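Notes follow the structure.
This is a predicted model, so every value here is computed, not measured.
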Amino acid sequence: MQSICVFAGSNDGRSADYREQAVALGTALAKQGIRLVYGGSSYGLMGAVADAVLEHGGQVTGIMPTGLFRGEIVHTGLTELVEVADMHERKATMNRLADGFIALPGGLGTFEELFEVLCWAQIGIHTKPIGLLNVNGYYDPLVELIRHSVREGFAGETHQNLIRVAEQADELIGQLQAYTPHTLGTKWNIKTPEGEA
C-alpha cells in the first residue's frame, strides 16, 4: 500500500485525544512510507495529520478546489498540492490517487466523503480498503446505524464488512494492508456495548 486518503474534520473537536490520534496516524503513515492523500487544509485534524506526516519525513498530496483556498486555508508546506475545479473533482482525484481510505473523526463533510467511498465499494467501483479510526468510540453510533440498516433489510450482511475499525493507527493501517475483497464475509472487529463482535 503506497498511499492512503484520510478524511478528517477541519476542527480539532472537543477532546485533545482527537488531535493526538491524528498526529499518531500521520506519524505511522510516514514511518511506513505511505503517502498521505487528503483535502489540503491546514486546519483541524486535517492539518494535524498532514503536519505529522511532513515532520517525520513523509509525503503529502493535498487536493483543494480553487474556491476553497480562502475558506479552508490551504496548507502551504505540502509535498504536492493539486488544484481542482470543484468538490466532485476533488473526491474523484483523491479516490484515484489512494490505495485505501481512513476516516478520522469529523463532521458532515467527513461523513459524506466516507459514505461515498463506501457506496462505490458496495457497487463495485473500487475494491480498496476503508477504515475508521474510532477515537474514543466516536464512530460507534455510525457503526450501529449501518448494522441497523442491515437488520431492517436496507443493506446486505456483507455491506457492513466493507469497513475496518480500530482505535489505534498502527492497528488500522495493518488491517487495511491485510485487506482483500474476499474478506467481506467476516464480521466487523468492533465490540458492541453488549460485548458482541
Side-chain angles (χ1 to χ4, degrees), residues 1 3-32 34-56 58-64 68 71-75 77-79 87 90-91 93-95 97-121 128-146 162-177 179 188-190:
M1 181 167 289
S3 62
I4 291 179
C5 177
V6 173
F7 306 130
S10 57
N11 295 306
D12 284 339
R14 291 188 175 178
S15 171
D17 292 341
Y18 297 136
R19 188 173 186 87
E20 180 180 316
Q21 290 303 312
V23 170
L25 175 60
T27 302
L29 291 173
K31 288 184 175 179
Q32 295 190 40
I34 300 171
R35 174 181 285 266
L36 168 66
V37 177
Y38 86 120
S41 176
S42 62
Y43 278 7
L45 300 189
M46 294 174 71
V49 68
D51 287 343
V53 173
L54 293 166
E55 286 170 12
H56 290 86
Q59 304 290 304
V60 180
T61 297
I63 316 296
M64 179 76 77
L68 289 182
E72 285 195 4
I73 310 299
V74 65
H75 197 302
L78 304 178
T79 310
M87 293 296 286
R90 180 194 223 178
K91 291 182 291 182
T93 303
M94 289 193 294
N95 177 61
L97 295 178
D99 298 323
F101 305 91
I102 289 177
L104 279 163
L108 298 181
T110 302
F111 300 155
E112 190 268 341
E113 291 169 327
L114 171 64
F115 273 102
E116 183 165 71
V117 296
L118 279 171
C119 289
W120 288 352
K128 299 173 183 180
I130 302 165
L132 299 177
L133 192 55
N134 196 28
V135 183
N136 292 347
Y138 182 80
Y139 279 114
D140 287 353
L142 185 145
V143 170
E144 178 52 34
L145 175 62
I146 297 173
L162 293 169
I163 302 180
R164 297 293 175 259
V165 183
E167 297 176 3
Q168 301 296 323
D170 285 327
E171 179 187 351
L172 186 57
I173 292 170
Q175 289 184 32
L176 267 59
Q177 289 172 324
Y179 174 87
W188 277 7
N189 58 340
I190 186 170

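Side-chain atoms of D170 and Q32, non-hydrogen and from C-beta on, do get closer than 4.5 Å to each other. No side-chain heavy atom of V117 sits under 4.5 Å from any side-chain heavy atom of E113. Looking at K128 and N95, their side chains come closer than 4.5 Å, going by heavy atoms from C-beta outward. You'll find the side chain of I163 reaches within 4.5 Å of the side chain of I146, heavy atoms only. Using a 4.5 Å heavy-atom threshold, the side chains of L29 and V6 count as touching.
Of the possible polar contacts, one joining the D99 side chain to the S3 backbone as a donor-acceptor pair under 3.5 Å is found. Not one N or O on the side chain of R164 forms a donor-acceptor pair closer than 3.5 Å with the backbone of G131. Formation of a donor-acceptor pair under 3.5 Å by the Y138 side chain with backbone atoms of G106 is found in this model. Checked by atom type and distance alone, the side chain of S42 never pairs as donor or acceptor with a backbone atom of H75 at under 3.5 Å.
What you find for G39 and M94 is that their closest heavy atoms are N-SD, 4.0 Å. Residues C5 and F7 approach most closely at SG-CE2, 3.5 Å, considering heavy atoms. When all heavy atoms of A50 and V60 are compared, the pair lying nearest together is O-CG2, 3.9 Å. Among all heavy-atom pairs drawn from S41 and M46, the shortest one is CB-CE, 3.7 Å. In plain terms, the two heavy atoms of V135 and D17 that are nearest each other are CG1-O, 3.8 Å.
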Working for side-chain contact (heavy atoms from CB on, under 4.5 Å), residues L54 and T79: CA-CA 8 Å; L54 293 166; T79 310; 3.8 Å; yes
Working for side-chain contact (heavy atoms from CB on, under 4.5 Å), residues V143 and N134: CA-CA 10 Å; V143 170; N134 196 28; 5.8 Å; no
Full working for side-chain contact (heavy atoms from CB on, under 4.5 Å) between L78 and Y38: CA-CA 11 Å; L78 304 178; Y38 86 120; 3.5 Å; yes
Derivation of the side-chain contact (heavy atoms from CB on, under 4.5 Å) call for T27 and E55: CA-CA 8 Å; T27 302; E55 286 170 12; over 6 Å; no
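Rounded to the nearest 0.5 angstrom, I130 CD1 and F115 CZ are separated by 10.5 Å. Rounded to the nearest 0.5 Å, atoms CG (L132) and CD (Q175) are 10.0 Å apart. Annotation: the span from L45 atom CG to L133 atom CG amounts to 10.0 Å, rounded to 0.5 Å. Atom OG1 in T110 sits 5.5 Å away from atom OH in Y139 (nearest 0.5 Å). Separating the CE atom in M1 from the CZ atom in R35 is a distance of 15.0 Å, to the nearest 0.5 Å. Distance check, rounded to the nearest 0.5 Å: CD1 of I34 to CD of Q59 gives 13.0 Å.
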When the side chains of residues 18-25 are checked against the rest of the protein, which donor-acceptor pairs come out under 3.5 Å, sequence neighbours left out?
residue: R19; atom: NH1; partner: D12; partner atom: OD1; Å: 2.8
residue: R19; atom: NH1; partner: G44; partner atom: O; Å: 3.4

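For E116, the side-chain contact (heavy atoms from CB on, under 4.5 Å) partners two or more places apart in sequence, or in a different chain, are K91, E112, W120.
Residue L145 qualifies as enclosed at atom CG: its count of foreign heavy atoms under 6.0 Å is above 12.
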